[in-house]
Amino acid sequence: MQFTIEYLEYIILVFIRIASMMVTAPFFNSSNFPRLTKMGLSFFFSLAAVNMLDFTSLSYQGVVGYATLVLQEGITGAFIGMASGFCLYILNFSGNMVDMEIGFSMAMEFDPATNVQSTITANLFSQLFLVLFVISDMHYFIIDAVYDSYKLIPIGGADLKGNFISIAGTYITDYFVIGFRVILPIFSCILLINVVLGILAKIAPQMNMFVIGMQLKIFIGLFLLFMLMGYFPNVVDFIFVEMQKLTKLFVGQLAGQG
């Protein structure tokens with residue numbers, strides 16, 4: 001087709017949605033991911049998307065109307081990326097709880113995956129998650145989700161008045177349920193150790209239970225963490241399912257299907 005100003009405006013809006021997804025989606029939003037690479041990928045993904053879409057003329061009033069479309073597409077892409085990125089915080093929560101139980105909560109590190117301060121185990125969980133995320137080709141799922149969103153949500157057709165509160169309630173519920181399931185073995189064992197130490201403190205008050213308990217918790221916690229690493233791919237697979245469900249819910253609400 002003939003290249004016109006209207007077509008250029010259409011390409012820019014497609015680019016805005018994909019670039020916004022790159023800013024909020026896991027793996028792509030990592031601080032280790034160069035910004036120029038993000039921009040380049042967004043540009044080439046946009047060209048690929050434009051060739052797959054049927055061009056329709058945009059309807060807006062002046063500069064303010066087009067700025068509204070740009071903002072709308074930016075929010076749409078950001079929501080699609082955040083729907084996947086939210087699930088990464090589940091493992092961050094589990095890692096923080098584990099370190100709180102075994103005594104590592106004072107050792108804080110900067111987590112490049114979530115861009116927040118987190119504990120050692122939470123950082124370990126996040127990095128392992130990203131490795132399995134790439135190995136499992138889940139980053140392709142996010143790209144496919146953006147491409148498929150154009151079929152359900154045309155340019156300028158996002159419904160930003162959807163019932164996102166219900167999605168937030170579903171996410172918060174799953175956040176705590178999945179997070180506690182991940183740490184339940186360690187949490188149960190540490191609870192039993194605390195009970196035993198409490199009984200010993202009453203039986204033999206001359207023993208320094210603080211010193212014994214701190215070392216014992218670290219040893220038992222690290223041992224259990226090592227033993228449970230074999231089940232970590234199953235946990236990540238379960239979170240992948242949650243990620244897909246949450247992304248579909250967000251896209252459905254933006255498409256006005258709620």
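FYI, side chains are in, hydrogens and waters are out, and symmetry mates aren't considered; it's all heavy atoms of this structure. In this chain, residues are counted from 1 in sequence order.
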- Item | Whether N51 side chain and L47 backbone form a donor-acceptor pair below 3.5 Å | yes
- With side chains defined as the heavy atoms from C-beta onward, is the minimum distance between I218 and F104 less than 4.5 Å? yes
- Query: At what distance, to the nearest 0.5 angstrom, does CD1 of I16 lie from CD of Q72?
  - Reply: 13.0 Å
- With respect to T121, which candidate in V98, I183, L91 satisfies the side chain to side chain contact (heavy atoms under 4.5 Å, CB included) definition? V98
- Judged by modelled atom types alone, do N96 and T119 share a side-chain donor-acceptor pair under 3.5 Å? yes
- Task: Could you check whether the rings of Y89 and F86 sit parallel, tilted or perpendicular, using 30° and 60° as the cut-offs?
- Result: tilted
- Would you confirm whether Y66, through its side chain, and E9, through its main-chain N or O, come within 3.5 Å as a donor-acceptor pair? yes
- Query: Any donor-acceptor pair under 3.5 Å linking the side chain of E73 with the backbone of G156?
  - Reply: yes
- Query: Mind checking whether F240 and F141 have ring centres under 6.0 Å apart?
  - Reply: no
- What distance separates I142 CD1 from F133 CZ, expressed to the nearest 0.5 Å? 3.5 Å
- Is a side-chain donor-acceptor pair under 3.5 Å present for N123 with S118? no
- Donor on one side chain, acceptor on other, N194 and K217, under 3.5 Å: yes
- Item | Those residues that, when tested against D148, pass salt bridge (charged side-chain N to carboxylate O under 4.0 Å, His left out) (two or more places apart) | K151
- Where the side chain of T24 meets the backbone of A78, is there a donor-acceptor pair that is under 3.5 Å apart? yes
- Message: Any donor-acceptor pair under 3.5 Å linking the side-chain atoms of S94 with those of R181?
- Response: no
- Message: Quick check: F232 with F125 (ring centres under 6.0 Å apart)?
- Response: yes
- Anything under 30° is parallel, anything over 60° is perpendicular, the rest tilted; go ahead and classify F93 against Y175. tilted
- So, the side chain of K38 versus the backbone of A19: is there a donor-acceptor pair under 3.5 Å, distance only? no
- Query: How long is the gap from CG on L200 to CD1 on I212, to the nearest 0.5 Å?
  - Reply: 8.0 Å
